[in-house]
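Chain letters run A, B, ... following the sequence lines, proteins first, then strands; residues in each count from 1. All of these numbers come straight from a predicted model, not from anything done at the bench.
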Protein chains: 2
Amino acid sequence: MTVVRNTRQKQAVLQALRTTRTHPDAAWIHTEVRRELPSISLGTVYRTLEALVQGGVALTIERAGQATRYDFKHGEHHHHAVCQSCGAIFDIEVPRLPVAALPGGFQVADVRVEFHGVCEGCQTK
Amino acid sequence: MTVVRNTRQKQAVLQALRTTRTHPDAAWIHTEVRRELPSISLGTVYRTLEALVQGGVALTIERAGQATRYDFKHGEHHHHAVCQSCGAIFDIEVPRLPVAALPGGFQVADVRVEFHGVCEGCQTK
DNA sequence: CTACTTGCAAAGATTTTGCACCTCA
DNA sequence: TGAGGTGCAAAATCTTTGCAAGTAG
């Protein structure tokens, strides 16, 4: 049977993701983690992030043509507001959704709400 | 001043997107449209889809590592349920969201709700 | 020990772009 | 006719993978 091992690489990636509020992408995390583990590869970062997402520890925010951003699940269920101009991502609190009619038998694992628009900074430009 | 021209290619892409309920990706649309316009290029399909999204006529559904899916905005504001197993996308009706506290001055252009889970077909496998 | 992980580099996949030619208005 | 649009192919990005070597348990 497969046992998941606790490696320095995994610890470092998790730590990097946990200690930032900037919703980083894989490349950013790679750069960050390399300060501690100079030889860690980008491939490993991707593999670890994928595992964190599968494990329900992190979630992803995807934007067409741009790198996937990762977000550590801090406590509460939160959602995101994405600035279409500068790409900044803000955390948003949204009341639990009244889940309406879903297709017969669809088993919901996760609900994701994204507000797309323009942040204050970009409006004044 | 720039005038948007009405070309055979744009008509064909719009038509293809409008007459399907399958939330296709660019490659699928390219194949489909080539039945009418055998020489249309994938680049043009991308450029046209991008224009439709910018024009508010279509919207995108993004999934990590997979091709962006496009959706023609049929009448009502609807959302999506994405099967994590087979990738199928279903249309969902969701009551208008009570927009809670957004970051100061964030101007919302669009709210997107995605249910992620497993569809009925994939559960019985 | 040995099965799981990693680093590396190459492969894949998706999407964007430069440019010369074409065509709608 | 001329500003946009298109086709083509190359480039840019982002992400995944095969494999030999490393290492946690």
Side-chain angles (χ1 to χ4, degrees), chain A residues 1-17 22-55 57-71 82 84 87 89, chain B residues 1-17 22-55 57-71 82 84 87 89:
Chain A
M1 173 198 166
T2 28
V3 177
V4 176
R5 289 186 190 162
N6 182 23
T7 64
R8 217 161 296 151
Q9 288 83 345
K10 287 176 187 165
Q11 288 172 17
V13 169
L14 178 55
Q15 152 96 359
L17 192 57
T22 60
H23 311 88
D25 59 19
W28 188 94
I29 292 174
H30 184 217
T31 305
E32 183 67 15
V33 165
R34 262 204 287 199
R35 300 196 314 189
E36 278 300 309
L37 284 171
S39 69
I40 191 173
S41 71
L42 183 54
T44 294
V45 171
Y46 270 109
R47 278 184 285 231
T48 305
L49 288 171
E50 170 61 16
L52 292 176
V53 171
Q54 290 303 316
V57 176
L59 48 82
T60 58
I61 307 165
E62 285 130 41
R63 293 240 286 152
Q66 289 172 54
T68 298
R69 312 276 285 265
Y70 295 84
D71 185 16
V82 182
Q84 297 170 326
I89 296 172
Chain B
M1 172 198 171
T2 26
V3 177
V4 175
R5 288 187 192 162
N6 181 24
T7 64
R8 218 161 294 154
Q9 287 85 344
K10 287 177 186 166
Q11 288 171 18
V13 169
L14 178 55
Q15 152 95 357
L17 191 58
T22 60
H23 311 88
D25 60 19
W28 189 94
I29 293 174
H30 185 216
T31 305
E32 183 65 16
V33 165
R34 261 203 288 200
R35 301 198 312 191
E36 279 298 311
L37 285 171
S39 69
I40 191 174
S41 72
L42 183 55
T44 294
V45 170
Y46 271 108
R47 278 184 284 230
T48 304
L49 288 171
E50 169 62 15
L52 291 176
V53 170
Q54 289 304 316
V57 175
L59 47 82
T60 60
I61 307 165
E62 285 130 42
R63 292 239 288 151
Q66 289 174 52
T68 298
R69 311 277 283 267
Y70 294 83
D71 185 18
V82 182
Q84 297 170 326
I89 297 173

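- Taking the side-chain hydrogen bond (donor to acceptor under 3.5 Å, both in side chains) definition, one finds that B/Ser39 meets it with nothing, sequence neighbours left out.
- Atom CG of A/Leu49 is separated from atom C1' of D/dT16 by 13 Å (rounded to the nearest Å).
- For D/dG4, its base never sits under 3.5 Å from the side chain of B/Arg47 at any donor and acceptor pair.
- For DNA chain D, the neighbouring residues in residues 2-17 of chain A, judged by any heavy atom under 4.0 Å, are A/Arg5, A/Asn6, A/Arg8.
- Five base pairs at each end of the helix from C/dC1-D/dG25 to C/dA25-D/dT1 define two local axes, and these are offset by 40° (rounded to 10°).
- Taking A/Glu50 as the reference, nothing meets the salt bridge (Lys or Arg N to Asp or Glu O under 4.0 Å) condition, with sequence neighbours excluded.
- Separating the OH atom in B/Tyr70 from the OH atom in B/Tyr46 is a distance of 6.0 Å, to the nearest 0.5 Å.
- In this structure, A/Gln11 places its CD atom where more than 12 heavy-atom neighbours from other residues, nucleotides or ligands lie under 6.0 Å away.
- A heavy-atom distance below 4.0 Å to DNA chain D is reached by these residues of residues 31-42 of chain A, ordered by number: A/Leu42.
- Under the side chain to side chain contact (heavy atoms under 4.5 Å, CB included) criterion, A/Thr44 pairs with A/Gln9, A/Ile40, A/Ser41, A/Arg47, A/Thr48, sequence neighbours left out.
- Checked against ring-ring contact (aromatic ring centres under 6.0 Å, His included), A/His30 has no partners two or more places apart in sequence or in another chain.
- With sequence neighbours left out, A/Asp71 forms a side-chain hydrogen bond (donor to acceptor under 3.5 Å, both in side chains) with A/His78, A/His80.
- Using a 4.5 Å heavy-atom cutoff, the side chains of B/Ile29 and B/Leu49 are in contact.
- A/Arg69 has its CZ atom 14 Å from the C1' atom of D/dC14, to the nearest Å.
- Rounding to whole angstrom units, OH of residue A/Tyr46 and C1' of D/dT15 are separated by 5 Å.
- In terms of the side chain to side chain contact (heavy atoms under 4.5 Å, CB included) criterion, residue partners of B/Gln84 (sequence neighbours excluded) are, by chain and number, A/Ala109, B/His116.
- Looking only at side-chain heavy atoms (C-beta outward), B/Leu52 and B/Leu14 come within less than 4.5 Å of each other.
- When each of A/Thr48 and B/Ala26 is assigned the nucleotide of DNA chain C bearing its nearest heavy atom, the one mapping closer to the 5' terminus is A/Thr48.
- Sequence neighbours left out, the pairs with a member in residues 24-35 of chain B that pass salt bridge (Lys or Arg N to Asp or Glu O under 4.0 Å) are B/Glu32-B/Arg35.
- Between atom CD of residue B/Glu62 and atom OG1 of residue A/Thr68 there is a gap of 9.5 Å, rounded to the nearest 0.5 Å.
- Scanning for side chain to side chain contact (heavy atoms under 4.5 Å, CB included) contacts around A/Ala12 gives A/Val33, A/Leu37, with sequence neighbours left out.
- First and last contacts of DNA chain C with chain A, using any nucleotide atom under 4.0 Å from a protein heavy atom and ordered 5' to 3', fall at C/dA3 to C/dC8.
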